[in-house]
Amino acid sequence: MQLVRQKEKLATNRRRTVCAVLAVLMAGAAASGCVTGADEGTGGPREPVAGQPGAAAGNGAAAAEAEARRLERERAARVAAARKWGLAKMPLAAPAPPAVKPRITTREGFEVEGGETLPPVFTSVPTKERIVFLTMDDGAEKDPELLRMMTELKIPYSAFLSDYVVSDDYGYFKDMQARGVTLNNHTLNHRYLPGLSKEEQRREICGEQDKLEKYFGKRPTLFRPPYGNYNGDTLRVARSCGIKAVPLWAAEAFPDHMEWREWDQDLHPGDIILTHFRGEEDWKGSMADMIRRVMKTVTDKGYAVARLEDYV
């Protein structure tokens with residue numbers, strides 16, 4: 001609100017300056033109402049008229065105040081949503097995405113021969129912001145509670161889908177897409193790609209591109225190989241059917257614990273977090289339980305969740 005008061009003071013000073021000039025030019029005409037700040041015959045405050053001096057400053061102050069009220073309402077809604085969904089703390093808000101996306105390169109040790117022109121393979125995004133990225137694989141569990149929870153909490157995430165578990169309910173993921181989630185490629189049948197021929201890999205990767213375009217209207221540019229395993233053919237095939245980048249992960253989230261790739265077992269700016277579409281039949285808890293766990297870890301460590309596609 002300090003900004004609002006400063007703008008109001010500026011608007012008042014501008015009106016006083018204008019009024020002083022008018023007073024000189026009009027030889028002290030009292031009908032102007034500028035000195036008293038009252039409308040003639042009403043005693044009420046004079047509002048600046050559009051197109052007149054002082055109107056722009058007044059509108060600017062009003063706009064700033066309206067924006068402050070909007071931000072406060074959003075914060076209150078996030079606090080209420082965190083309480084509703086049982087989060088220990090309100091998730092931190094991510095900063096605005098960069099105007100220019102960072103340059104992504106393959107992580108050291110993840111290269112393939114002749115891979116300089118192939119989609120980069122990486123586990124984190126180069127950034128100094130305290131942000132991480134949440135991704136979910138396969139699509140086996142179709143929990144409507146997850147859609148409501150993530151929408152109300154305004155937590156962005158990216159889905160990497162395999163058709164063999166998605167095909168029984170494309171509508172669930174169509175709803176997810178309508179809520180702003182990007183649907184990416186995780187192959188048709190979740191097979192171990194290095195054990196397949198190049199043409200078999202093409203069927204798995206490009207075939208999933210075709211499915212995603214058919215049912216969701218868009219061919220993805222991000223691809224995650226099953227189990228994180230790939231070879232040179234994998235990346236060459238992926239490039240041939242429109243893939244631009246291959247995000248893996250630095251940490252994996254479960255309802256009852258986190259698993260880490262790095263030796264320090266901690267989060268770092270730009271880390272990608274993996275989890276799966278799973279329910280109580282597969283692990284100890286629901287997808288909502290998993291979100292509570294990962295968000296507690298992320299928030300306690302002072303990080304916000306950002307949208308991967310804004311950076312890659």
Side-chain angles (χ1 to χ4, degrees), residues 66-97 129-161 165-166 169-184 216-218 222 247 249 251-258 267 271-312:
E67 176 66 8
R69 288 197 298 267
R70 183 188 68 80
L71 292 174
E72 181 57 31
R73 286 195 300 270
E74 285 191 359
R75 182 184 182 283
R78 287 169 68 86
V79 169
R83 186 180 302 115
K84 172 183 175 179
W85 290 103
L87 271 64
K89 297 178 182 177
M90 181 184 73
L92 300 176
E129 302 281 2
R130 290 186 70 81
I131 56 172
V132 292
F133 305 96
L134 182 60
T135 64
M136 300 184 192
D137 278 9
D138 62 51
E141 179 73 11
K142 302 164 185 68
D143 185 354
E145 184 178 55
L146 174 73
L147 300 183
R148 296 192 300 271
M149 182 180 194
M150 301 301 273
T151 299
E152 292 178 16
L153 290 170
K154 299 186 184 303
I155 299 173
Y157 61 105
S158 303
F160 288 80
L161 304 181
V165 288
V166 168
D169 192 356
Y170 289 121
Y172 177 83
F173 298 96
K174 191 71 174 176
D175 187 2
M176 182 179 292
Q177 183 186 43
R179 295 169 186 256
V181 178
T182 301
L183 308 181
N184 300 298
F216 305 107
K218 188 174 181 180
L222 302 185
W249 61 91
E252 185 170 358
F254 298 87
D256 57 348
H257 71 286
M258 296 282 294
L267 289 177
D271 276 356
I272 298 170
I273 299 174
L274 162 70
T275 191
H276 290 80
F277 290 93
R278 293 285 188 272
E280 295 183 356
E281 293 182 359
D282 299 291
W283 59 19
K284 298 177 180 179
S286 66
M287 295 204 74
D289 294 329
M290 179 275 298
I291 294 298
R292 281 187 278 271
R293 159 65 66 173
V294 71
M295 290 311 301
K296 175 173 173 52
T297 300
V298 168
T299 306
D300 283 353
K301 292 179 179 292
Y303 286 85
V305 177
R307 183 174 178 269
L308 180 63
E309 292 78 11
D310 288 337
Y311 288 76
V312 180

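Atom set for the values below is all heavy atoms of this structure, side chains included, hydrogens, waters and symmetry mates excluded.
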Inset, instruction - Go through the structure and list residues passing side-chain hydrogen bond (donor to acceptor under 3.5 Å, both in side chains) with W85, not counting sequence neighbours. - result: E152
Inset, instruction - Check each of E141, R278, M150 against M136 using the side-chain contact (heavy atoms from CB on, under 4.5 Å) test, and report the only one that passes. - result: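 Single pass found, and it is M150.
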Legend entry - Residue list, ring pair (Phe, Tyr, Trp, His ring centres under 6.0 Å) with F160, at least two apart or on another chain: none
Inset, instruction - Output all residues satisfying ring pair (Phe, Tyr, Trp, His ring centres under 6.0 Å) with Y157, sequence neighbours left out; order by chain, then residue number. - result: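 Not a single residue meets the ring pair (Phe, Tyr, Trp, His ring centres under 6.0 Å) criterion with Y157.
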Inset, instruction - Run the numbers on F173 and V166 for side-chain contact (heavy atoms from CB on, under 4.5 Å), then give the verdict. - result: CA-CA 8 Å; F173 298 96; V166 168; 3.6 Å; yes
Legend entry - Residue K174 excluded, over 12 heavy atoms near NZ under 6.0 Å: yes
Inset, instruction - Check the surroundings of atom NZ in K284: do more than 12 heavy atoms from other residues, nucleotides or ligands lie under 6.0 Å from it? - result: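 No, the 6.0 Å shell around NZ holds no more than 12 heavy atoms from other groups.
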Say you draw a straight line from [atom1] of [X] to [atom2] of [Y]; how long is it, rounded to the nearest 0.5 Å?
X    : Y    : atom1 : atom2 : result
L222 : L183 : CG    : CG    : 11.5 Å
K154 : M149 : NZ    : CE    : 14.5 Å
M295 : L87  : CE    : CG    : 6.5 Å
L147 : M287 : CG    : CE    : 9.0 Å
D143 : F277 : CG    : CZ    : 10.0 Å
T297 : M258 : OG1   : CE    : 5.0 Å

Over all heavy atoms of both residues, which pair between [X] and [Y] is shortest? Give the atoms and the distance, please.
X    : Y    : answer
V165 : K142 : O-NZ, 2.7 Å
A159 : V181 : N-CG1, 4.0 Å
A253 : W283 : O-CZ3, 4.1 Å

Does [X] reach the side chain of [Y], with side-chain heavy atoms less than 4.5 Å apart?
X    : Y    : answer
L134 : P156 : no
T135 : I272 : yes
V298 : I273 : yes

Atom pairs and distances, donor-acceptor, side-chain atoms in residues 71-80, under 3.5 Å, two or more places apart:
from, atom 1, to, atom 2, distance (Å)
E74, OE2, R70, NH1, 2.4
R78, NH2, P91, O, 2.8

Inset, instruction - Output yes when a side-chain donor or acceptor of T299 lies under 3.5 Å from a complementary backbone atom of K89, and no otherwise. - result: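 No, the answer is negative, given that no donor and acceptor are paired below the 3.5 Å cut-off.
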Inset, instruction - Name all pairs fulfilling the salt bridge (Lys or Arg N to Asp or Glu O under 4.0 Å) condition that reach into residues 290-299, sequence neighbours left out, sorted by first residue then second. - result: D289-R292, K296-D300
Legend entry - Stepwise side-chain contact (heavy atoms from CB on, under 4.5 Å) check, H276 with E252: CA-CA 9 Å; H276 290 80; E252 185 170 358; 3.3 Å; yes
Quiz: residues 303-311 side-chain donor-acceptor pairs under 3.5 angstrom, not counting sequence neighbours:
from, atom 1, to, atom 2, distance (Å)
Y303, OH, L267, O, 3.4
R307, NH1, D310, OD1, 2.8
R307, NH2, T182, OG1, 3.1
E309, OE1, S158, OG, 3.0
E309, OE2, S158, OG, 2.8
E309, OE2, N184, ND2, 3.3

